[in-house]
Amino acid sequence: MKIEPVPAQKTTIQVIERMVALLDALAKYPDPVSLKELSKVSGLHPSTAHRILNDMVLTRFVDRIEPGTYRLGMRLLELGNVVKSRLSVREAALDFMRSLHKKTQQTINLSVRQGDEIVYIDRAFSERSGMQVVRAIGGRGPLHLTSTGKLFLSVDEPKAIRAYATRTGLAGHNKNSITDLGKLERELSLVRARGYARDNEELELGVRCMAAGIRDDSGKLIAGLSISAPADRLQDEWLEDLVATANQISATLGYMPLE
């Protein structure tokens, strides 16, 4: 069995090209595959294939079933599910985000958690929104300084919150930043009680945000929907629309809150 050549430019890092060749080879087989067969199909020398497979076993991209046989690892499934959830939430949210932007004329952000940060994966905005700073898609922000980040921290166990504080040192960006664990814990208690979160110029001076959570069909918090506006323009009247919009997106994803 041979792998058809991929009609694309080669990578500049040879080991990545070889790793992909091995992953493609493994994907061809429903059952564990021998090193000899993988070497043959991928065109790699057995010693080269063995070395790369060992590294992929350590990172869980590949599972070693028994000495000399391999199959695709669970980490690929985990990463695939992350990609799937992000794509589906973006697709589900877009029209709702546009409607909320049309009503508020402010920037509407969709973001997800990645480790100790949030990542902005989509937004609806216009030049008339008057935002002094608009974080681009792909931009990042610390959990404790952003409204969506606080949503994610609020569903963590106390031990995980303390661990986050230790890892990050709760570094601040300006005089309004929360840099004290006790203050952060009190803030997160408010988030749980209210069902939404705020960023009061804690990340960027002159910009305030408020966020509501989006959940999937299992009830897991997977994203945050937020409104960003100049500090003197953010209106509490938008909260009802924000929460309702986040709930509509969650419902589209199959979430059914308990009565």
Practice item. Mind checking the CE-CD1 spacing from Met19 to Ile13? Nearest 0.5 Å is all I need. Key: 10.0 Å
Check your understanding: Heavy atoms, side chains only, cut-off 4.5 Å: are Arg162 and Glu185 in contact?
Key -> yes
Review point. How far apart are the C-alpha atoms of Ile121 and Val89, what are their side-chain angles, what is the distance that settles it, and do they pass the side-chain contact (heavy atoms from CB on, under 4.5 Å) test?
Key: CA-CA 10 Å; Ile121 62 172; Val89 74; 3.9 Å; yes
Practice item. Tell me, please, which residues at least two apart from Leu94 pass side-chain contact (heavy atoms from CB on, under 4.5 Å). Key: Arg98, Asp122
Revision key, fill the gap. Taken to the nearest 0.5 Å, the spacing of Leu181 CG from Thr166 OG1 works out to 8.0 Å
Exercise for review: Kindly state each residue pair satisfying side-chain hydrogen bond (donor to acceptor under 3.5 Å, both in side chains) with at least one member in residues 148-159, sequence neighbours excluded.
Suggested key: Ser111-Thr148, Arg113-Asp156, Lys150-Glu187, Lys150-Glu202
Point to revise | Which atom of Leu23 lies closest to which atom of Val62, heavy atoms considered | key: CD2-CG2, 4.2 Å
Review point. If you measure from CG on Leu153 to CD1 on Ile161, what distance do you get to the nearest 0.5 Å?
Key: 6.0 Å
Show every donor-acceptor pair shorter than 3.5 Å between a side-chain atom in residues 248-256 and any protein atom, with sequence neighbours excluded, or say none if there are none.
unit_1, atom_1, unit_2, atom_2, d
Ser250, OG, Arg215, N, 2.9
Ser250, OG, Ala246, O, 3.0
Thr252, OG1, Gln248, O, 3.0

Review point. What's the verdict on side-chain contact (heavy atoms from CB on, under 4.5 Å) for Leu100 and Ile227, showing C-alpha distance, side-chain angles and the deciding distance?
Key: CA-CA 9 Å; Leu100 186 58; Ile227 300 177; 4.2 Å; yes
Point to revise | Trace of the side chain to side chain donor-acceptor pair (under 3.5 Å) decision for Asn109 with Ser226 | key: CA-CA 5 Å; Asn109 308 292; Ser226 63; 3.3 Å; yes
**Study point:** Path from Ile52 to Val41 over hydrophobic side-chain contacts below 4.5 Å
**Key:** yes
Practice item. Spell out, as yes or no, whether a donor-acceptor pair under 3.5 Å connects the side chain of Ser39 to the backbone of Lys36. Key: no
Check your understanding: What pairs with Tyr196 under side-chain hydrogen bond (donor to acceptor under 3.5 Å, both in side chains), at least two apart in sequence or on another chain?
Key -> none
Exercise for review: Give a yes or no on whether the backbone of Phe96 and the side-chain of Thr245 come within a donor-acceptor separation of less than 3.5 Å.
Suggested key: no
**Study point:** Criterion side-chain contact (heavy atoms from CB on, under 4.5 Å) on Asn176 and Asn200, from CA distance to verdict
**Key:** CA-CA 7 Å; Asn176 296 322; Asn200 290 310; over 6 Å; no
**Study point:** Atom pair CD1/CG of Ile65 and Asp31 - distance to nearest 0.5 Å
**Key:** 10.0 Å
Review point. Should Pro230 and Arg208 count as side-chain neighbours, where that means a heavy-atom distance under 4.5 Å?
Key: no
Check your understanding: Do the side chains of Leu234 and Leu110 join up, straight or via other hydrophobic residues, at under 4.5 Å, putting them in one cluster?
Key -> yes
Study note, to complete from the structure: Sorted by chain and residue number, the side-chain contact (heavy atoms from CB on, under 4.5 Å) partners of Lys103 (sequence neighbours excluded) come out as Asp241
Check your understanding: Quick one: do Val243 and Phe152 end up in the same hydrophobic cluster if we chain Ile, Leu, Val, Met, Phe, Trp and Tyr together by side-chain heavy atoms under 4.5 Å apart?
Key -> no
Review point. Taking side chain as C-beta onward, heavy atoms only, is Val33 less than 4.5 Å from Leu26?
Key: yes
Check your understanding: Does the side chain of Leu22 reach to within under 4.5 Å of the side chain of Leu38, using non-hydrogen atoms?
Key -> yes
Practice item. Under the side-chain contact (heavy atoms from CB on, under 4.5 Å) rule, what do Asp180 and Leu184 come out as? Steps first, then yes or no, please. Key: CA-CA 6 Å; Asp180 174 74; Leu184 176 62; over 6 Å; no
Study note, to complete from the structure: The side-chain contact (heavy atoms from CB on, under 4.5 Å) partners of Leu77 (sequence neighbours excluded) come to Met74, Asn81
Check your understanding: Are the side chain of Gln114 and the backbone N or O of Val119 linked by a donor-acceptor pair below 3.5 Å?
Key -> no
Check your understanding: Quick one: CE on Met97 to NE2 on His101, what's the gap to the nearest 0.5 Å?
Key -> 10.0 Å
Review point. What residues form a side-chain contact (heavy atoms from CB on, under 4.5 Å) with Glu91, not counting sequence neighbours?
Key: none
Check your understanding: Between Ala171 and Leu145, which heavy-atom pair has the shortest distance, and what is it?
Key -> O-CD1, 3.6 Å
Check your understanding: Do Leu44 and Tyr29 share a hydrophobic cluster (ILVMFWY, side-chain heavy atoms under 4.5 Å, transitive)?
Key -> yes
Practice item. Determine whether His173 and Glu204 make a side-chain contact, defined as any pair of heavy atoms from C-beta on separated by less than 4.5 Å. Key: no
Check your understanding: Going by the side-chain hydrogen bond (donor to acceptor under 3.5 Å, both in side chains) test, which pairs reach into residues 62-73, not counting sequence neighbours?
Key -> Asn54-Arg64
Point to revise | Hydrophobic cluster of Leu58, others only, ordered by chain and residue number, side-chain cut-off 4.5 Å | key: none
Check your understanding: Side chains of Arg192 and Ser189: closer than 4.5 Å at any heavy-atom pair?
Key -> yes
Exercise for review: Quick one: list whatever passes side-chain hydrogen bond (donor to acceptor under 3.5 Å, both in side chains) with Thr59, sequence neighbours left out.
Suggested key: none
Review point. Looking at OG of Ser42 and CG of Asp24, how far apart are the two atoms once the value is rounded to the nearest 0.5 Å?
Key: 10.0 Å
Practice item. Taking the side chain as every heavy atom from C-beta outward, state whether Ile108 and Arg123 have any atom pair closer than 4.5 Å. Key: no
Check your understanding: Which atom names give the shortest non-hydrogen contact between Pro46 and Leu35, and what distance separates them?
Key -> O-CD1, 4.0 Å
Check your understanding: How would you list, by chain and number, every residue that makes a side-chain hydrogen bond (donor to acceptor under 3.5 Å, both in side chains) with Ser47, sequence neighbours excluded?
Key -> His45
Study note, to complete from the structure: Closest non-hydrogen atoms of Leu239 and Arg198, given as atom of the first, atom of the second and distance, are CD1-NH2, 3.5 Å
Exercise for review: Determine, using the 4.5 Å side-chain heavy-atom cutoff (strictly less than), whether Val112 and Tyr120 are members of one ILVMFWY cluster.
Suggested key: no
Practice item. Decide yes or no for Tyr164 and Leu170: does some side-chain heavy atom of the first lie under 4.5 Å from some side-chain heavy atom of the second? Key: yes
Check your understanding: Looking at residues at least two apart in the chain, or sitting in another chain, which of them share a side-chain hydrogen bond (donor to acceptor under 3.5 Å, both in side chains) with Asp217?
Key -> none
Review point. Is any NZ, NE, NH1 or NH2 atom of the basic residue among Glu117 and Arg140 found under 4.0 Å from an Asp or Glu carboxylate oxygen of the other?
Key: yes
Review point. Which pair of heavy atoms, one from Leu221 and one from Gly213, lies closest together, and at what distance?
Key: CD1-CA, 3.6 Å
Review point. Looking only at atom types and distance, does a side-chain atom of Glu240 sit under 3.5 Å from a main-chain N or O of Glu237, one as donor and one as acceptor?
Key: no
Check your understanding: Above 12 or not: heavy atoms from other molecules or residues under 6.0 Å from CD of Glu78?
Key -> yes
**Study point:** Smallest separation among heavy atoms of Ser147 and Ala211, with atom names
**Key:** OG-CB, 3.3 Å
